[in-house]
Structure formats: structure tokens, C-alpha cells
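Take a look at the structure below.
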2 protein chains.
Amino acid sequence: MAPSRDEPDLSFLLDHSSHVLRTQMAAALAEIGLTARMHCVLVHALQEERTQIQLAELGDMDKTTMVVTLDALEQAGLAERRPSSTDRRARIVAVTEKGAQVAKRSQEIVDGVHRAALGSLPEEEAEVLVRALNRLVTGHLATAVEAPQPVRRARQRG
Amino acid sequence: MAPSRDEPDLSFLLDHSSHVLRTQMAAALAEIGLTARMHCVLVHALQEERTQIQLAELGDMDKTTMVVTLDALEQAGLAERRPSSTDRRARIVAVTEKGAQVAKRSQEIVDGVHRAALGSLPEEEAEVLVRALNRLVTGHLATAVEAPQPVRRARQRG
DNA sequence: TATTGTTATACTCTATAACTATA
DNA sequence: TATAGTTATAGAGTATAACAATA
């Protein structure tokens, strides 16, 4: 939505800037064959032994979305599913050697995209921007208002 | 995506804050039966005589999305399609009396949601936040990187 | 009984294509 | 030939339900 008047339209400012930054990030990561989600999973899986559900929560995605993301990472040879030694239901996501290299590169890309954006601002403005957003994200804009759940029919038996 | 390290994760900050603000806005406008798009169309249509396509451009939506949005506004008795006096293909979107009242109320709601967010910050931080976002939106984050177009088959003849 | 991961699929959203009327 | 608006629908994205294995 475009700004309608002279008042600051915070919705437009946040929507537009986050959308454009997201497209820049997607384009930059696509050059090494990654999506933002794949990058996110790689980085978190590298930090410590984590199951799919733990990684899903960290990346704020559904467990079924994690399945698809992991399929892509496995197919690219960047990660593997390994049985957990303590819970035979769970799978630990192990990052391969190649995956670790790619993650290092993708983190540089992510940092670069962020630096380019923040670097386009006067230094003090960039600092305050980050501080203000952090305050919002941990305060007034911490948790989404959940919409009323749409009804969902049972799926066809097969 | 959650922040992965100690560096400021601008993507997360913008995505999260814009998403939560959007849900707050949707919930607040839903109380008077509006979506953000409906509000956007009402406000712009009130400013001057505008066609559907002009309103679609202002609200950054497709003309087909505008059709759906206008259907909703008409059904709610808030706006009407009127033939343009200068172009018999085009329709002017006229806001009804009731629509004008609702638009006034919805603008108050929008302003209120924005004020609540900005008001949760120290005054100077809020000012710099808006200034910085404005600079990004008109500068480094002005235009989205467009993704390669997905192929699209011809639609079934009927 | 509850949880992990999987598959199948329903749903939403939005854009594309084709069409009619008009320019 | 090009444009405004409409309809139908394709496609992406994602979440829900059901299920098997295990806790």
C-alpha cells in the first residue's frame, strides 16, 4: 500500500523495505543455489546437533516445510539426515563438508546484503534504526496477532 | 528467519516487525469489516476521481485483485463503479456516504496502530526510525529485484 | 497417549491468459 | 493495435490431516 498522506506510513515503510530486502537476499543467495530457508537451516544445524523440529522452530517454519527444505539440502549434498542416538523417532540434521563451506559463503552473502543496506544510511541513523527495530521486535511488535483459523475439511482417504 | 548470531539481522528485524504490524492492522481493521486493501482503495478513491487501474497502481496490486477488492466494497455498500464520462471502457470508483464515514474511521484506526507502535519507542528513536526507513525506501531499497518469471501454460479453453 | 517425521492434499493468494467492449 | 475491466484458472506457497514408528 502506498503512503496515502503526509503522515508517516509505518506499514508501507516496513512492508516495502522488508520486501525489497527479501528480493535482494533471494537473488544474492540464488547465485550459489540457496534459498533463505536453506541458509537458515544450514547455519543453525552447524551450531549444534539439532533435530528437524528444533530447526523448524528456529527458522519459524512448519515441520512439513522443513521436510521440503531438507530434501533440497540433501539433494544438493549440503546436509544429511542422521538418526538421533537418543530418540529413534528423531533425525539430526548433519551438515556435510560441502555444506559447511557453502554456509560460510552464504553467511558472507547475507552479511554483505545487510551491510549494503545499512551502509547506505548515515552511520548514526543506521545504528538507531537497528536499535529501534530491536526494541519493536522485542516489545510492541514481538508477537503476531493470530487470525481466526480457517475451517479445513478432512483429507481424502487414500 | 531468526537471528543467527550477534550481528544485527536486518532481514529478521524488518520481516518480523512488518509481519506483526500487518497482523495488528488486519485485526484492527477487521473490527469494522475492512481489509487493508479495502481501506487503501477507499482512501485513494476519496481523494479524486480515479479509475480501477489508477487505484490498482496506487495500491500496488494487480487489476484482477482490484476487481475482487471492489466487489467486496460494493457488496458492503461502501463504493460503487460508475462509468467514466470520458472513456466508456473505464469505471470511476465512487465512494458512498457510508463509505466515506467508514474511511474516516479506518484512517483513525490505521493512524492509531501506527502511533501505538511508534509511541512504544523513545521519541527521538521513533523519529530517526521513520527517517531511516524513508531513506531506504527511496534509496537503496527502492525497487524490488524481480525474480525470473515462472513459465505459465495457456489456460484451458471453455 | 503424545511426539517425530512423512506423505498427501486442501486452501489462500495472486498473477496470467483469454475475452469483450471500447479507444 | 492498444487499453479497461472481467472471468477463469494456473501456480506458488504453505498449513492441515492422517499415518507409521517410537516414546
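Considering only the side chain of B:R37, C:dT14 comes nearest among D:dA17, C:dT14, D:dA2. In this structure, of C:dA15, D:dT16, D:dT3, it is D:dT3 that holds the atom nearest to the side chain of B:R89. Among the nucleotides D:dG5, C:dT16, D:dT16, the one closest to any side-chain atom of A:D62 is D:dT16.
Remark: the A:Q75 side chain and the A:D71 side chain contain no N/O donor-acceptor pair separated by less than 3.5 Å. Checked by atom type, the side-chain pair B:S106/B:H39 shows a donor-acceptor distance below 3.5 Å.
Close to C:dT4, at under 4.0 Å from its OP1 or OP2, lies no side-chain N or O of A:S84. Listed pair A:Q54 / C:dT4 fails the phosphate criterion, with no side-chain N or O lying under 4.0 Å from OP1 or OP2.
Each of A:R81, A:E57, A:R91 was evaluated against A:Q52; a single residue qualifies, A:R81, per the side-chain hydrogen bond (donor to acceptor under 3.5 Å, both in side chains) test.
Separating the CE atom of A:M61 from the P atom of D:dT16 is a distance of 16 Å, rounded to the nearest angstrom. Between the P atom of C:dT3 and the CD atom of A:E57 lies a distance of 12 Å, rounded to the nearest Å. Between the NZ atom of B:K63 and the P atom of D:dT6 there is a distance of 10 Å, rounded to whole Å. Atom-to-atom, CG of A:D60 to P of D:dT14 comes out at 11 Å; the value is rounded to the nearest Å. Atom CD in B:Q52 sits roughly 13 Å away from atom C1' in D:dT3 (whole-Å rounding). If you take CD of B:E146 and C1' of C:dT16, they are 17 Å apart, rounded to a whole angstrom.
Evaluation of atom-type donor-acceptor distances gives no pair under 3.5 Å for the side chain of B:T51 against the base of D:dA4. In terms of polar N and O atoms assigned as donor or acceptor, the side chain of A:R88 never comes within less than 3.5 Å of the base of D:dT22 in a complementary pairing.
Map A:T64 and B:D87 each onto its nearest nucleotide of DNA chain C; the residue landing nearer the 5' end is A:T64.
Put simply, the side chain of A:S17 never gets that close to the backbone of B:L133: no donor and acceptor are under 3.5 Å apart. Side chain of B:E125 to main chain of B:P122: no donor-acceptor pair is present (N/O by atom type, distance under 3.5 Å, no hydrogens or angles).
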